[in-house]
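Beneath this line is the structure, given in structure tokens, with notes to follow.
Because the structure is predicted, anything quoted here is derived from the model rather than measured.
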Amino acid sequence: MAALIPKILQATRNQNVYAVCCMIQSRDYSSKPYIIKNPTTANLKRGTGGRSSFSGKVCTVFGCSGFVGSYLCIRLGRIGSQVILPYRCDPYHIREWKVGGDLGQILYHPFDLRDEESIIKCMKYSNVVINLIGANFETNNFSLKDVNVEAARKLARLAKECNVERFIHLSCLNAAEKPTPIMLKDGSKILQTKWEGEQVVREEFPEATIIRPSTIYGQRDKFLSHYLNSKRKTLPTYMALWKKGKETEKQPIHVRDVVSGIVAIMNNHDTAGKTYQFVGPKRYRLDKLVEWLHELAFRRNPMQLTILDIRYEPFAWLNVYFWQIMRSIHPAVDLSWEMLEYHHTSDRIDPALPTLEDLGITLIEMESVLHWEVLAFADADMATEKIHKAKPLEVKSALK
């Protein structure tokens, strides 16, 4: 009798398994699969975060080869986003972005602003589209309005047609319908077209988030490279600014803060339809800021920088006209009357608009990083350890 007990238990177990199998088959699980409402890779979110996870965000970054785009693509890959990089340049110029994400997470696709089909292919599988495309000068192929207005309109319209959930557009802090003239009779065309770009984005994609950053600085920027370029000076120790830079105030922001703000906006659905202004923690007078830059970059061979008033310096005018003409041949320096108008416009902050602090971002102070950012422009014989040991606060310029 005892020998029959194990056999009875085995038979009972088999009957239970059979009953469970019959119950599953009766529910028709194999013949009625679950249908995903939005069949995109965003529904396959997995992992707890990090480079080897998948955050559920599929991001198309237009303008990935630019200054902000190079930082943003690496950050998106680090948090486990799948990044689609549309490019118009030689693909070798952005091949370094490939290692920013895990295997298969960084994808490339060529596109052209005049080819809507190529744009749709870049964004039709994405749930986030970020537009970083912007122009500060005109070319033979594209005017400022073509890039800052019509391109923004096209990207926003096509993103809406492709049912993209989030559209983030990078504009400019001082964008205005009628910018205050400084050197040019009609004011900055850059700021005017940036404002028009915001309006058309709102028309085509009302839920879009618009970002208005102040002057962005960092490696490969257009701020430090503008004032530390030797060709920007009239003579080796002379630089001309509008009214000697005493009436221009800037509130620069580090590129890492801008990228952190974009990622925070992307992950927060409450930011949809809002306009954010990204500004730095401190405000500086332009002449003091330029003097400080040169003290940090050229402390090995210190020279007293003399700032002149560009209104009374004909040699400075000739320098601007010369490099404005040379831009089409060899853009050695970003110098034109339009850029001077842009750089000498004081930053205006709207207290009604949210800032980076509202997104929980701790801002980087310029004094803590600027001595590293000017390293690329420093004297060739300056040792790295000397810059590392230098205390950026111990400069002669009394910053405002």
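We find the OG-CD distance between S225 and Q219 to be 10.5 Å, quoted to the nearest 0.5 Å. From Y108, atom OH reaches atom NZ of K98 across 6.0 Å, with rounding to the nearest 0.5 Å. Residue M239 holds its CE atom at 10.0 Å from CG of N319, rounded to the nearest 0.5 Å. Taking CZ from F278 and CG from L170, the interatomic distance works out to 8.5 Å, rounded to the nearest 0.5 Å. Once rounded to the nearest 0.5 Å, the distance linking CG of D102 with OG of S52 reads 4.0 Å. How far CG of L224 is from CD1 of I216: 12.0 Å, rounded to the nearest 0.5 Å.
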Test side chain to side chain contact (heavy atoms under 4.5 Å, CB included) applied to M266 and L76, step by step
CA-CA 10 Å; M266 181 184 69; L76 292 175; 3.6 Å; yes
Could you check K231 against M326 for side chain to side chain contact (heavy atoms under 4.5 Å, CB included), going step by step and ending with a plain yes or no?
CA-CA 12 Å; K231 299 176 180 60; M326 288 293 293; over 6 Å; no
Dump the intermediate steps for side chain to side chain contact (heavy atoms under 4.5 Å, CB included) on L72 and I262, then the final yes or no.
CA-CA 8 Å; L72 178 61; I262 294 175; 4.0 Å; yes
Would you please test R114 and F142 for side chain to side chain contact (heavy atoms under 4.5 Å, CB included) and show each step?
CA-CA 11 Å; R114 297 190 177 97; F142 295 97; 3.5 Å; yes
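For R311 (side chain) and W242 (main-chain N/O), no donor-acceptor pair under 3.5 Å exists by modelled atom type. The main-chain N or O of I94 is never found under 3.5 Å from a side-chain atom of S65 such that the two would form a donor-acceptor pair. The backbone N or O of D112 lies less than 3.5 Å from a partner atom in the side chain of S118, making a donor-acceptor pair. A donor-acceptor pair under 3.5 Å is absent between the side-chain atoms of W97 and the main chain of L85, judged by distance alone. A donor-acceptor pair is defined here as one N or O able to donate and one able to accept, closer than 3.5 Å; no such pair exists between the side chain of N127 and the backbone of K57. Panel note: side chain D309, backbone K243; a donor-acceptor pair is recorded below 3.5 Å. Under the 3.5 Å distance criterion, the side-chain polar atoms of H226 are matched with a main-chain donor or acceptor of D334. With K154 contributing its side chain and L113 its backbone, the two residues share a donor-acceptor pair below 3.5 Å. Here the side chain of E341 pairs a donor or acceptor atom with the backbone of L184 at under 3.5 angstrom. Between the side chain of Q192 and the backbone N or O of G187, no donor-acceptor pair lies under 3.5 Å.
Taking a 6.0 Å sphere around NZ of K145, one finds it holds 12 or fewer heavy atoms contributed by other residues, nucleotides or ligands. When the shell of 6.0 Å around CD of E247 is examined, it contains 12 or fewer heavy atoms from other residues, nucleotides or ligands.
F111 and L107 are not part of a single hydrophobic cluster, where members link through side-chain heavy atoms under 4.5 Å apart. No continuous path of ILVMFWY side-chain contacts below 4.5 Å connects I84 to I119, so the two sit in separate hydrophobic clusters. Hydrophobic clustering (ILVMFWY, side-chain heavy atoms < 4.5 Å, transitive): I133 and V164 are in one cluster. Both I79 and V258 belong to a common hydrophobic cluster when Ile, Leu, Val, Met, Phe, Trp and Tyr are linked at side-chain heavy-atom distances under 4.5 angstrom.
Side-chain contact annotation: S55 with S81, donor-acceptor N/O pair under 3.5 Å present. Counted by atom type alone, D257 and S260 present zero donor-acceptor pairs between their side chains at under 3.5 Å. Side-chain atoms of R202 and T275 include a donor-acceptor pair closer than 3.5 Å.
For R283 and E249, the salt-bridge test passes: some basic side-chain N is under 4.0 Å from an acidic carboxylate O. The pair R157-E203 fails the salt-bridge criterion, with no side-chain N (NZ, NE, NH1 or NH2) lying under 4.0 Å from an Asp/Glu carboxylate O.
For residues 166-191, every residue pair satisfying the side chain to side chain donor-acceptor pair (under 3.5 Å) rule, not counting sequence neighbours, is listed here: N131-H169, E138-K189, R166-T209, R166-T271, S171-E198, N174-D347, S188-E338.
I190 and N136 get closest at one heavy-atom pair: CD1-O, 3.4 Å.
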With a cut-off of 3.5 Å and sequence neighbours excluded, list every side-chain donor-acceptor pair involving residues 350-358.
unit_1 : atom_1 : unit_2 : atom_2 : d
D350   : OD1    : A352   : N      : 3.1
T355   : OG1    : E357   : OE1    : 2.9
D358   : OD2    : T355   : N      : 2.8

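Separation of the Y227 and H343 ring centroids falls under the 6.0 Å cut-off. The aromatic ring centroids of Y238 and F315 lie 6.0 Å or more from each other.
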